[in-house]
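What follows is a set of notes on a single structure, which appears directly below.
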Amino acid sequence: MVLSTVGAAYGTSKAGIGIAGLGTFRPDLIMKSLIPVVMSGIIAVYGLVVSVLIAGGLSPSEPYSLFGGFIHLGAGLGKP
């Protein structure tokens, strides 16, 4: 969850820098350039949902296998 929010924050900052640069030359395109900010927010929400689903599937009474760890790592890294 932490890495997805850090990635979303990085994406938002890069998109914000692009919007600031674009706004000086082409102010009419500012609304179209907000799409990357929205997409990076969606990635943060996706990371939150995946982390809640993974944490909900864990049980303290069952051992956590290496295979399950790799599956959960792949679920977290496999963002669109």
Side-chain angles (χ1 to χ4, degrees):
M1 184 170 103
V2 173
L3 292 177
S4 70
T5 54
V6 168
Y10 180 75
T12 303
S13 69
K14 295 300 273 187
I17 291 169
I19 290 171
L22 181 72
T24 58
F25 297 111
R26 299 283 307 268
D28 55 324
L29 294 178
I30 289 179
M31 291 306 289
K32 286 184 181 178
S33 63
L34 290 177
I35 293 172
V37 176
V38 173
M39 294 302 288
S40 63
I42 290 171
I43 287 180
V45 171
Y46 175 80
L48 175 68
V49 169
V50 168
S51 66
V52 167
L53 289 174
I54 289 173
L58 297 177
S59 174
S61 62
E62 297 176 9
Y64 191 61
S65 67
L66 184 63
F67 178 73
F70 280 119
I71 292 294
H72 290 152
L73 176 67
L77 294 178
K79 295 180 185 173

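Cluster partners of Y64, using a side-chain heavy-atom cutoff of under 4.5 Å among ILVMFWY residues and allowing indirect links, are L58. With a 4.5 Å cut-off between side-chain heavy atoms of Ile, Leu, Val, Met, Phe, Trp and Tyr, the cluster of L22 takes in L29. If you chain together ILVMFWY residues whose side-chain heavy atoms come under 4.5 Å of each other, L34 ends up grouped with I19, I30, M31, V37.
Here CG of L48 is found 9.5 Å from OG1 of T5. Values are rounded to the nearest 0.5 Å. If you take OG1 on T12 and CD1 on I17, they are separated by 11.0 Å, rounding to the nearest 0.5 Å.
Applying the salt bridge (charged side-chain N to carboxylate O under 4.0 Å, His left out) test to pairs two or more places apart or on separate chains, none has a residue in residues 42-55. Pairs passing the salt bridge (charged side-chain N to carboxylate O under 4.0 Å, His left out) check and including a residue from residues 12-26, sequence neighbours excluded, read R26-D28. The list of side-chain hydrogen bond (donor to acceptor under 3.5 Å, both in side chains) pairs with a residue in residues 47-63, not counting sequence neighbours, reads S59-S61.
Residue A15 comes nearest to P36 through the heavy atom pair CB-CB, 3.9 Å, listed as atom of the first residue, atom of the second, then distance. In terms of heavy-atom proximity, G21 sits nearest to F25 at O-CD1, 3.3 Å.
In this structure, S33 has no side-chain hydrogen bond (donor to acceptor under 3.5 Å, both in side chains) partners at least two apart in sequence or on a different chain. Considering only residues two or more places apart in sequence or on other chains, F67 meets the side chain to side chain contact (heavy atoms under 4.5 Å, CB included) condition with S65, I71.
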